[in-house]
Amino acid sequence: MSDTDARVHAQYEAYPYPARDPRDEAKRLITGSPSHLDEIRHHVFAGHLDLSRPFRALVAGGGTGDAAIMLAQQLADAGAVDAEVVHLDISSASRAIARKRAEARGLTNLRFADGPIERVAEIAPGPYDYIDCCGVLHHLDSPEAGLKALAGVLKLEGGMGLMVYGTLGRTGVYPVQEALAQLGGDLGEKERVAVAKKLVAGLPKSHWLKRNPFVGDHLTGGDAGLYDLLLHPRDRAYRVAEFAEFVASGGLAIRSWIEPARYDPDTYLSDPGLRKAAASLSALERAALAERLSGAMTKHIVYALPAARADLPAPDPGADGAVLVLRDLDPAAVARGLSGGVLKADLGGAPWQAPLPAIASAIIARLDGTRSVADIRAELKPADPARFADQVRATFGAFHAINRMLVREMR
């Protein structure tokens with residue numbers, strides 16, 4: 001083990017990340033991206049995920065358990081009787097917290113493994129239908145080696161959910177990391193945290209870290225968050241094109257960026273001429289342009305498939321057999337709250353909106369996760385049934401752009 005590897009291990013033993021209290025499992029389930037079960041169904045399996053068959057997932061670098069607990073609980077709730085989630089991590093302190101969280105929920109479909117991602121084939125051999133690696137690869141000595149190791153235990157018909165840091169959204173972080181290395185690089189873990197707190201408190205308002213509103217949760221979220229942001233011994237970030245190249249190095253192709261609207265230049269451009277110029281760019285160039293215009297992308301989240309599956313057709317939300325679902329939202333409440341024929345959101349300080357058809361509220365109110373598009377059409381009896389599929393697609397497109405509507409099933 002290298003000196004840096006030893007420091008990374010020591011960090012997560014001293015400051016398991018993210019900080020979690022197993023007692024809180026009685027109050028709520030933490031959900032997010034990637035690895036929400038509805039997202040996996042949509043992005044990785046195009047709505048064709050049969051949970052009556054065996055399903056194996058790996059959460060690589062699972063930390064204190066957010067992704068593993070979320071997915072294991074959602075699989076249990078979905079009645080997946082032959083499903084297993086493997087939580088792999090180098091930190092015994094982090095695994096202990098994740099294990100206690102699983103015990104608090106009574107989860108029996110979660111297994112724990114100890115070791116580095118690079119040795120996954122030996123420690124937690126596949127093959128896996130799905131692999132999560134969120135906020136970990138950018139901390140490895142060789143992110144490429146880590147990604148290839150994971151790709152090696154992924155089924156050809158499977159997919160991954162990945163997250164890495166975004167360079168532009170973390171403006172101000174890296175100069176402070178360098179300053180802290182100069183001022184306290186040889187100190188112990190607790191002493192380094194004390195130095196970091198003093199330095200941050202004394203930074204002038206002009207410093208980019210103080211002017212960056214998108215990393216403040218780490219600065220106010222306790223010692224574990226502060227350490228992860230400013231004191232991590234190995235930390236790199238990616239811009240969009242770099243990340244796409246990195247994903248390709250593992251024999252994978254990016255299926256989707258989360259949320260799609262953040263990676264659409266039209267979110268940040270209002271001038272028709274500029275929008276027209278952006279429209280001529282490739283999909284990857286458009287995503288890279290959006291990153292340059294946003295300034296708020298502190299991380300990049302993608303779903304990726306083996307390159308051989310890169311041409312997998314996206315599910316058609318307007319098809320008769322499509323079963324749509326709102327991600328972590330109550331359909332009735334959303335339907336009641338819609339007004340003005342427009343869906344609005346704030347994307348890191350960028351106002352965003354999308355038009356909705358007049359029938360959108362009626363459609364959304366019926367998205368219970370079991371009704372198909374054909375079922376909803378039969379209930380609503382639209383005046384123009386031929387246009388109904390397009391109205392569903394328009395409704396879906398608006399909510400999907402902010403990662404709030406997904407295809408759960410294609411019958």
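From a predicted model like this one, the values you see are computed outputs, not experimental measurements.
Ion pairing between a basic and an acidic side chain is recognised when a charged N comes within 4.0 Å of a carboxylate O; K190 and D223 show no such pairing. Using a cutoff of 4.0 Å between basic side-chain nitrogens and carboxylate oxygens, R408 and D38 are scored as salt-bridged. Ion pair E379/R371 flagged as a salt bridge, since at least one NZ, NE, NH1 or NH2 atom sits closer than 4.0 Å to an Asp/Glu carboxylate oxygen. Salt-bridge formation is detected for the pair R377/D320: a Lys NZ or Arg NE/NH1/NH2 atom is positioned less than 4.0 Å from an Asp or Glu carboxylate oxygen. Electrostatic pairing of R393 and D316 counts as a salt bridge here, judged by a charged N lying under 4.0 Å from a carboxylate O. Between D271 and K276 there is no salt bridge, since no side-chain nitrogen of the basic residue lies less than 4.0 Å from a carboxylate oxygen of the acidic one. Contact check on D24 versus R20 returns no salt bridge, with no Lys/Arg side-chain nitrogen under 4.0 Å from an Asp/Glu carboxylate oxygen. With respect to R239 and E242, no salt bridge is recorded, no charged nitrogen being found less than 4.0 Å from a carboxylate O. A salt bridge is absent between D114 and R119: the closest approach of a Lys/Arg side-chain nitrogen to an acidic carboxylate oxygen does not fall below 4.0 angstrom.
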As a quick check of understanding, evaluate side-chain hydrogen bond (donor to acceptor under 3.5 Å, both in side chains) for S372 and D375, giving each step before the final call. CA-CA 5 Å; S372 68; D375 294 334; 3.1 Å; yes
Residue pair Y303, E39: steps toward the side-chain hydrogen bond (donor to acceptor under 3.5 Å, both in side chains) verdict: CA-CA 9 Å; Y303 284 92; E39 292 181 14; 2.5 Å; yes
Intermediate values then yes/no, side-chain contact (heavy atoms from CB on, under 4.5 Å), L305 and I254: CA-CA 7 Å; L305 305 179; I254 292 176; over 6 Å; no
Start with the C-alpha distance between M297 and L168, add both sets of side-chain angles, then the distance that settles side-chain contact (heavy atoms from CB on, under 4.5 Å), and finish with yes or no. CA-CA 7 Å; M297 295 184 187; L168 301 185; over 6 Å; no
Derivation of the side-chain contact (heavy atoms from CB on, under 4.5 Å) call for L154 and M160: CA-CA 8 Å; L154 178 68; M160 291 191 195; 4.0 Å; yes
Give the C-alpha distance, both sets of side-chain angles, the deciding distance and a yes or no for ring-ring contact (aromatic ring centres under 6.0 Å, His included) between Y165 and Y238. CA-CA 6 Å; Y165 292 149; Y238 294 80; 9.4 Å; no
CA sep, side-chain torsions, deciding dist, call: Y130, S35, side-chain hydrogen bond (donor to acceptor under 3.5 Å, both in side chains): CA-CA 9 Å; Y130 174 75; S35 302; 2.6 Å; yes
Between R23 and E25, is the salt bridge (charged side-chain N to carboxylate O under 4.0 Å, His left out) condition met? List the steps. CA-CA 5 Å; R23 293 173 295 184; E25 297 307 310; over 6 Å; no
R309 vs V44, test: side-chain contact (heavy atoms from CB on, under 4.5 Å). Steps then yes/no. CA-CA 10 Å; R309 294 185 68 213; V44 177; 4.1 Å; yes
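Distance alone, capped at 3.5 Å, places no donor-acceptor pair between the R404 side chain and the L329 backbone. Formation of a donor-acceptor pair under 3.5 Å by the R275 side chain with backbone atoms of L269 is found in this model. Between the side chain of E13 and the backbone N or O of A10, no donor-acceptor pair lies under 3.5 Å. In this structure, R255 contributes its side chain and L312 its backbone to a donor-acceptor pair below 3.5 Å. Side-chain atoms of Q177 come within 3.5 Å of backbone N or O of L229 as a donor-acceptor pair. Judged by distance alone, with hydrogens and angles left aside, the side-chain atoms of K205 form no donor-acceptor pair with the main-chain N or O of R211 at under 3.5 Å. Listed for the S280 side chain is a donor-acceptor partner under 3.5 Å among the backbone atoms of A277. Within the 3.5 Å criterion, the main-chain N or O of K299 finds no donor-acceptor partner in the side chain of R170. No donor-acceptor distance shorter than 3.5 angstrom exists from the side chain of N403 to the backbone of I258, with no hydrogens or angles considered. Of the possible polar contacts, none joining the R101 side chain to the D21 backbone as a donor-acceptor pair under 3.5 Å is found.
Looking at every heavy atom in both residues, P385 comes nearest to A383 through CD-O, 3.4 Å. F388 and V373 get closest at one heavy-atom pair: CE2-O, 3.8 Å. Closest approach of G166 and A237 over heavy atoms only: C-CB, 3.9 Å. Across all non-hydrogen atoms, the minimal contact from A304 to V247 is CB-CG1, 4.0 Å. Across all non-hydrogen atoms, the minimal contact from K100 to P22 is CB-CG, 3.7 Å. Between L380 and R366, the shortest heavy-atom contact is CD2-CZ, 3.4 Å.
Sparse packing is recorded around CD of E245, with 12 or fewer heavy atoms of other residues, nucleotides or ligands lying under 6.0 Å away. The local environment of NZ in K344 is sparse, with at most 12 non-hydrogen atoms from other residues, nucleotides or ligands closer than 6.0 Å. In the displayed structure, R53 atom CZ is contacted under 6.0 Å by at most 12 heavy atoms of other residues, nucleotides or ligands. Within a 6.0 Å radius of NZ in K148, other residues, nucleotides and ligands contribute 12 heavy atoms or fewer.
Between the CG atom of D266 and the CG atom of L289 there is a distance of 9.5 Å, given to the nearest 0.5 Å. The structure places CG of L356 at 6.0 Å from CD1 of I364, a figure rounded to the nearest 0.5 Å. Here the CD1 atom belonging to I359 is positioned 9.0 Å from the CZ atom belonging to R387, to the nearest 0.5 angstrom. We find the CE-OG1 distance between M163 and T298 to be 8.0 Å, quoted to the nearest 0.5 Å. Summarising the geometry, atom OH belonging to Y268 is positioned 3.5 Å from atom OG belonging to S294; distances are rounded to the nearest 0.5 Å. Interatomic distance, OH of Y263 versus CD1 of I301, reported as 7.5 Å (0.5 Å rounding).
Ring centers of F246 and H138: at least 6.0 Å apart, outside the cut-off. Aromatic ring centres of H400 and H43: separated by under 6.0 Å.
Using cut-offs of 30° and 60° on the angle between ring planes, the pair F243 and H300 is parallel.
Looking at T31 and D328, their side chains do bring a donor and an acceptor atom within 3.5 Å of each other. A donor-acceptor contact closer than 3.5 angstrom is absent between the side chains of Y12 and D89.
Within the 4.5 Å cutoff, the side chain of M405 has no heavy atoms near those of the V325 side chain.
Sorted by first and then second residue, the side-chain hydrogen bond (donor to acceptor under 3.5 Å, both in side chains) pairs involving residues 73-84 (not counting sequence neighbours) are H36-Q74, R56-E84, Q73-D77, Q73-R105, E84-R111.
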